[in-house]
Amino acid sequence: MSLFRKLVILFSVVILVILSATLTIVYVESRRTIVQLSKEKAVSMIQTIDSALLSDVPDYQFESVLLNLKKQEPDLISFDIYKLNDFLYDIASTNPHRIGTQASPSSTIALGEHKVLTMLDGTTINLIVPLTGYGGMPYSADVKLSIAGDLRSNHILLSEILYIGLCALALALLSAWLFTREVLSKPLQAMMSAVNEVATGNFVVNLRKSSRRSDELGSLARSFERMTSGLQQLITRMAQTAEELHTDFEQLVESGDFTAHGALHMADVIQHLNESISSQFSKLQELGGKMSWHLQATAEITSFAQTADADDESDLRQWLVTIEGLMDEAAQVHRHLQGLASTANGQLGAIRHINRTAGRLSEMASELRTLLLTLEV
């Protein structure tokens, strides 16, 4: 169910509740008012009889007074006047057949307790009022009024109110439906379509009608347009950056290949040089051993050749010292070359790892560039 339909249903339910509550309150209050007015009307009639009683009007004249009231008040059902003479009996009534009859227990109770009794039976309101006539003679007035006409008029009024309320409800529902569709539903649907377009990669959205509004929906539409424009610019910059990264990574891969080949060649050269120095060191060791042997042999020559042999021994010792110095230097160079070879091999491994990583980054940059170009389109 769409949003504007939910709003229309909610609006209609609220109006129906308000209309029902209003009709209920009007009915209760109007009925109470009708009953109160009828009581006041009955009290007014009783006051007229009370004035006659205080004026010492003869009992037989009350009948004409009551008939006159009957003519003036169409809603008057009956009016009975009871006089206490050993017991309450009817001395005047709008119904001649009731004259001389005994009063009801309610009249006796009202007279005994000196209080007014009010009873409502359907559409009939009954008032029993104790009265005091001329010379303190106790009387009781029993008045019955019909409120059927007033209630009928009230029902007609309520029906008219209900009819007008239903017409107003239909008009309000139509207005709410048009309002929610034009003011809420269409702008929201336009923004939903724009969101779907952005989700598919199209950042060129048109919300001119919604953005011209001065309410919250207009502000939301303008913010959405700014967001899509910013996203488009961001994606364009990201595509450019991805292109630059792709180019840089390709160059890094090429440079890494050259560096790896150079490091490999340097490692081979260092290895060959190390092997050559090792070979020369072995030869120098062999030569030093031979010269040491000759030096020992020279020391054993007889005394007749001591002068010439002393010079040869001195030369041999100098050569031996020189050879030992060369051997020490060759050993140091050998150790340095071994360190360089180890460093070259480590650098070669690092360069190969960097080259592999750069290759993967180049592929990822290429995929990102393709994706961003798709979104930009």
Side-chain angles (χ1 to χ4, degrees), residues 23-162:
L23 290 175
T24 302
I25 293 172
V26 170
Y27 175 76
V28 173
E29 290 298 321
S30 61
R31 185 180 177 87
R32 187 181 65 82
T33 302
I34 290 171
V35 172
Q36 185 64 30
L37 291 175
S38 299
K39 287 173 63 177
E40 292 177 358
K41 186 186 297 185
V43 169
S44 177
M45 296 178 186
I46 293 171
Q47 288 176 350
T48 302
I49 301 300
D50 189 28
S51 300
L53 289 174
L54 292 175
S55 300
D56 194 20
V57 176
D59 294 344
Y60 62 88
Q61 291 184 1
F62 282 113
E63 185 175 356
S64 60
V65 175
L66 295 181
L67 292 176
N68 189 27
L69 288 175
K70 177 70 173 177
K71 293 178 181 179
Q72 293 177 359
E73 296 294 338
D75 295 331
L76 181 60
I77 298 176
S78 65
F79 197 141
D80 295 295
I81 300 176
Y82 296 92
K83 183 179 179 181
L84 180 60
N85 189 3
D86 294 334
F87 61 90
L88 279 174
Y89 66 94
D90 199 344
I91 62 172
S93 175
T94 54
N95 184 4
H97 298 288
R98 293 182 57 84
I99 295 176
T101 59
Q102 190 175 359
S104 64
S106 299
S107 298
T108 305
I109 294 173
L111 186 60
E113 296 181 359
H114 299 285
K115 66 177 182 180
V116 178
L117 297 181
T118 303
M119 293 170 285
L120 181 63
D121 184 13
T123 60
T124 302
I125 182 169
N126 186 12
L127 241 68
I128 300 176
V129 181
L131 301 175
T132 302
Y134 182 80
M137 179 64 66
Y139 290 87
S140 176
D142 189 348
V143 181
K144 293 182 180 180
L145 289 175
S146 174
I147 59 174
D150 294 333
L151 292 177
R152 189 164 46 251
S153 300
N154 187 37
H155 291 162
I156 294 173
L157 178 61
L158 291 177
S159 299
E160 292 177 354
I161 294 174
L162 179 60

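In what follows, every heavy atom counts, from backbone to side chain, and hydrogens, waters and symmetry copies are set aside.
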Q: Measure the CG-OH distance between Leu157 and Tyr27 for me, rounded to the nearest 0.5 Å.
A: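 The OH atom of Tyr27 is 13.0 Å from CG of Leu157, to the nearest 0.5 Å.
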Q: So which atom in Ser93 and which in Arg98 form the shortest heavy-atom distance, rounded to 0.1 Å?
A: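 For Ser93 versus Arg98, the nearest heavy atoms are OG-CB, 4.0 Å.
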Q: First locate atom CD1 of Ile25, then atom OG of Ser30, and finally report the distance between them rounded to the nearest 0.5 Å.
A: 11.5 Å
Q: Check whether Thr94 reaches the backbone of Leu66 with its side chain - one donor and one acceptor, N or O, closer than 3.5 Å.
A: no
Q: Working to the nearest 0.5 Å, report the span between NZ of Lys39 and CD1 of Ile147.
A: 11.5 Å
Q: Taking the side chain as every heavy atom from C-beta outward, state whether Ile49 and Tyr139 have any atom pair closer than 4.5 Å.
A: no
Q: Rounded to the nearest 0.5 Å, what separation is found between the CG atom of Asp90 and the CG atom of Asp80?
A: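 Rounded to the nearest 0.5 Å, the CG-CG separation comes out at 4.5 Å.
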Q: Do you know which two heavy atoms are closest between Ser38 and Leu145, and how far apart they sit?
A: O-CD1, 3.2 Å
Q: Any idea which heavy atoms bring Phe79 and Ala141 closest together, and the distance?
A: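 Looking at all heavy atoms of both residues, the closest pair is CE2-CB, 4.0 Å.
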Q: Cut-off 3.5 Å, side chains only: do Ser146 and Asp75 have a donor facing an acceptor?
A: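 On atom types as modelled, these side chains do not qualify, holding no pair under 3.5 Å.
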Q: Can you tell me how far apart CD1 (Ile77) and OG1 (Thr124) are? Round to the nearest 0.5 Å.
A: 4.0 Å
Q: Evaluate the side-chain proximity of Gln47 to Val43: yes if any heavy-atom separation is below 4.5 Å, no if none is.
A: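 They are in side-chain contact.
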Q: Any donor-acceptor pair under 3.5 Å linking the side chain of Ser44 with the backbone of Glu40?
A: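 Pair absent, no side-chain N/O of Ser44 close to backbone of Glu40.
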Q: NZ of Lys41 to CD1 of Ile46: how many Å apart, nearest 0.5 Å?
A: 13.5 Å
Q: With a cut-off of 3.5 Å and sequence neighbours excluded, list every side-chain donor-acceptor pair involving residues 115-123.
A:
unit_1, atom_1, unit_2, atom_2, d
Lys115, NZ, Glu113, OE1, 2.9

Q: Does the side chain of Ile128 reach to within under 4.5 Å of the side chain of Ser140, using non-hydrogen atoms?
A: yes
Q: What do you reckon, is NZ of Lys70 surrounded by more than 12 foreign heavy atoms closer than 6.0 Å?
A: yes
